[in-house]
Amino acid sequence: MKALCWHGPKDIRCDHVPDPRIEHPRDAIIKVTSCAICGSDVHLYDGYMPGMENGDVMGHEFMGEVVDVGPASKHALKVGERVVIPFTIICGECEQCRRGNFSVCERSNRNKDVAGKMFGHTTAGLFGYTHLTGGYPGGQANMCGFRMPTRRTSRYLQTAFPMSRCSSWATSFPRAGRPRCNATSSPRTRLRYGAAAPSDR
């Protein structure tokens with residue numbers, strides 16, 4: 001397949017890379033139909049964020065159509081369904097995920113010891129970002145594989161909207177909505193929230 005790959009600061013190329021494959025029963029693969037470039041991609045492009053390796057596939061805001069599903073994910077996803085994939089990779093079971101602190105999932109970052117030394121605490125695994133966040137291939141590609149959480153969560157959104165209207169659902173909308181979910185409120189409390197995103201979205 002084709003993918004946008006990092007080869008060094010200010011050196012992003014469209015390369016041919018191996019197709020993703022089912023490696024775990026909870027895995028799924030999507031054909032990417034839309035993706036966005038995030039402001040944090042600029043930190044990778046200019047070499048500000050450490051931990052990138054030659055040939056890493058970029059992209060963490062993407063959506064697409066399910067083309068293959070592992071046996072343990074068949075209850076949650078079906079081939080042909082459209083999904084929006086957020087930046088953060090979660091397990092759905094660790095203490096932080098149970099608390100709703102998905103960005104610090106304790107299991108999804110396969111390089112969590114290195115991340116802990118760099119940041120003071122590990123982050124969750126992140127698609128298409130540095131090896132400090134797991135080194136997972138991103139979604140600026142023809143296809144992308146991902147692992148479903150061990151329990152159903154809202155992290156993989158099935159949608160009937162046209163995909164052209166959903167690009168901000170991958171990060172901007174969750175960033176705005178998460179503080180609302182975390183806020184202490186009663187049914188009578190009125191809160192207002194919104195997302196700031198580039199005007200070309």
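From a predicted model like this one, the values you see are computed outputs, not experimental measurements.
Under the 4.5 Å side-chain heavy-atom criterion for ILVMFWY residues, no single connected hydrophobic cluster contains both Met143 and Met58. Linking ILVMFWY residues whenever their side-chain heavy atoms come closer than 4.5 Å, directly or via other members, places Met1 and Ile22 in the same cluster. Residues Val69 and Phe146 are members of one and the same hydrophobic cluster, defined by side-chain heavy-atom contacts under 4.5 angstrom among Ile, Leu, Val, Met, Phe, Trp and Tyr.
The two residues Gln140 and Ala36 have their closest heavy-atom pair at NE2-O, 3.3 Å. Across Gly55 and Cys5, no two heavy atoms sit closer than the pair O-SG, 3.7 Å.
A distance of 11.5 Å separates CG of Asn142 from CD1 of Ile30, quoted to the nearest 0.5 Å. Rounding to the nearest 0.5 Å places OG of Ser73 at 11.0 Å from CD1 of Ile29.
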Passes salt bridge (charged side-chain N to carboxylate O under 4.0 Å, His left out), Arg13 versus Asp11? Steps please.
-> CA-CA 6 Å; Arg13 301 179 213 158; Asp11 186 4; 2.7 Å; yes
Would you sort out whether Phe62 and Ser34 count as a side-chain contact (heavy atoms from CB on, under 4.5 Å), showing the intermediate values?
-> CA-CA 6 Å; Phe62 56 101; Ser34 301; over 6 Å; no
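Among residues at least two apart or in separate chains, ring-ring contact (aromatic ring centres under 6.0 Å, His included) pairs with a member in residues 13-58 are His43-Tyr48.
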Name every donor-acceptor pair, under 3.5 Å, that has one atom in a side chain of residues 112-127 and the other anywhere in the protein, sequence neighbours excluded.
from, atom 1, to, atom 2, distance (Å)
Lys112, NZ, Glu106, O, 3.1
Thr122, OG1, Asn109, ND2, 3.4

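A salt bridge links Glu93 with Arg107: the distance from a Lys NZ or Arg NE/NH1/NH2 to an Asp or Glu carboxylate oxygen falls below 4.0 Å.
Asp56 and His7 are not linked by any side-chain donor-acceptor pair at a separation below 3.5 angstrom, with hydrogens and angles left out of the test.
In this structure, the ring pair (Phe, Tyr, Trp, His ring centres under 6.0 Å) partners of Tyr129, at least two apart in sequence or on a different chain, are His60, Phe87.
With Tyr136 as the aromatic partner, Arg147 does not meet the cation-pi criteria of under 6.0 angstrom to the ring centre and within 45 degrees of the ring axis.
Checked by atom type and distance alone, the side chain of Glu65 never pairs as donor or acceptor with a backbone atom of Val79 at under 3.5 Å. With hydrogens and angles disregarded, no donor-acceptor distance shorter than 3.5 Å links the side chain of Thr130 to the backbone of Met52.
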